[in-house]
Amino acid sequence: MTLDDLLLAADQALDETVELLADLIRVPSVNAGPDGPGHETDVCQVLERKLAREGISARVLESAPDRGNLIATLTGGSGPKLLLMGHTDVVPVDDADQWRYPPFSGTVAEAAIHGRGAADCKGLIAANVMAAIVLRRLGLPLAGSLTVAAGADEETGGRYGFRWLADNHPDLLAADYGLNEGGGSCFLLGDQVGYVINTGEKGRLEATVSVEGRGGHAAAPWAADNPLSPLAVVIERLLAYQPEMDLSHPVFDAAREVLLQDPVGLLQADYASMDQGLKGLTSALRGASAMTVTPTMARAGTKSNAIPPAAQVVSDVRTLPGQTQAYVERVFSDTLAGLPARATVQTTAEPSASPYPTPFSALVEEATAAATGKSDLLWLPGITSGFTDSRFVRPLGATIYGFAPQAPDPELGESRGVHGRDESLPIANLQTMLRTLLALAWKTIVAHP
Ligand SMILES: [Zn+2]
């Protein structure tokens with residue numbers, strides 16, 4: 001058996017992977033809010049039956065009724081443990097009658113699989129599960145082990161999914177390294193193809209600043225103390241806040257090498273008038289360079305003829321790995337110094353990151369080169385401003401990258417409609433994922449005599 005044979009086996013399993021994805025889309029595991037329901041157990045059962053037919057036993061662990069999580073492991077020797085992650089819940093569909101294909105039909109047309117969850121994240125789950133199945137069918141001896149984990153409840157924070165698994169079954173997630181969603185988009189620089197590999201994610205906090213006044217009748221403003229006046233100053237200060245810059249993320253070194261251009265210039269350039277082709281990269285660099293504080297909601301008053309007694313502004317805060325809630329609280333108290341204002345800060349997601357480059361990232365890059373047949377790929381390590389389940393698994397000790405590679409052609413591989421209308425995944429992306437996962441297994445856990 002050679003790596004080429006394995007990649008051929010991946011291609012032969014492509015139709016079956018497409019079918020599996022369509023079956024997964026047909027289970028409407030919609031996660032509508034903080035308490036679901038997600039019906040993820042139904043998705044787990046489709047996967048469990050599929051794996052059982054191959055003699056792979058899986059565990060379905062429910063964190064609450066119908067909130068199932070599936071874990072299946074191919075064990076071999078005591079070598080490296082590879083973890084392939086994905087989530088089984090999807091965001092709701094509000095406009096089903098506007099979709100070109102019904103959102104839970106799993107229609108295969110125009111070289112893509114259509115439906116809610118196709119791109120986020122059931123395509124990756126189908127590829128992960130089929131990678132395990134192909135390895136099992138070929139009977140390749142493993143020097144290490146492969147764990148496929150499909151978690152519930154990613155879309156509303158992971159309380160019933162990977163967070164619960166990490167708290168209650170950390171042994172089942174034990175791994176040296178792994179891959180998850182959240183990266184793998186492809187870009188072109190001249191005629192050279194590059195990929196973004198996500199090494200981490202920013203944290204998210206909500207900061208509420210309250211100012212107190214003294215309410216009264218709007219017709220007699222002199223007798224009251226209008227809190228909108230200090231609130232205006234608070235908002236101005238928050239908008240003018242200049243975060244501490246941190247250029248230590250590896251994306252800056254990569255940008256220097258890949259772009260042969262000083263990334264600091266892109267941090268300061270005027271975004272609106274920038275060349276379209278540079279905007280994606282600029283956003284990635286800016287996101288990785290600093291915390292952001294963005295006022296998003298202002299609240300005061302319930303009647304237009306009454307001066308309210310208090311007012312509030314709420315900000316969305318995205319932190320870099322290493323920036324704690326205490327740090328954010330200090331930033332707010334410094335920024336608001338001298339104002340009659342009080343900030344309360346709440347963490348909704350902790351920042352997390354894996355090191356880069358590592359021996360594992362080198363293997364991911366080699367595997368992608370083999371899978372795509374391109375030996376001169378460019379690599380850009382990124383940090384996402386959103387968050388994924390990786391943040392629950394990294395603290396258990398694994399190096400986890402966000403990398404679900406799309407086809408090595410930005411146009412061909414464009415996934416559409418994530419969290420929106422007409423979600424779809426090009427079949428070419430599914431093929432690239434499956435080939436890459438198997439090539440990675442070949443390089444990490446398959447035993448080579
Ligand atoms: Zn997702």
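Every heavy atom of this structure was used, including side-chain atoms; hydrogens, water molecules and symmetry mates were not. For ligands, and for the atoms within them, numbers begin at 1 and follow the listed sequence.
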Counting only heavy atoms from other residues, nucleotides and ligands, does the tally under 6.0 Å from CZ of Arg137 exceed 12?
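It does: Arg137 CZ has more than 12 such atoms within range.
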Taking 2.8 Å as the cut-off, does Cys121 contribute an N, O or S atom near the Zn ion (ligand 1), distance below it?
no
The Zn ion (ligand 1) reached by Asp120 (N, O or S, under 2.8 Å)
yes
Derivation of the salt bridge (charged side-chain N to carboxylate O under 4.0 Å, His left out) call for Glu16 and Lys50:
CA-CA 11 Å; Glu16 192 181 345; Lys50 176 88 189 160; 2.7 Å; yes
List the steps, then state whether salt bridge (charged side-chain N to carboxylate O under 4.0 Å, His left out) holds for Arg100 with Glu110.
CA-CA 12 Å; Arg100 286 176 54 222; Glu110 299 160 89; 2.8 Å; yes
For Tyr401 and Phe360, take the angle between the two ring planes, folded into 0 to 90°, and tell me which bin it lands in: parallel under 30, tilted 30 to 60, perpendicular over 60.
parallel
N, O or S atom within Glu181 nearest to the Zn ion (ligand 1), by name
OE1
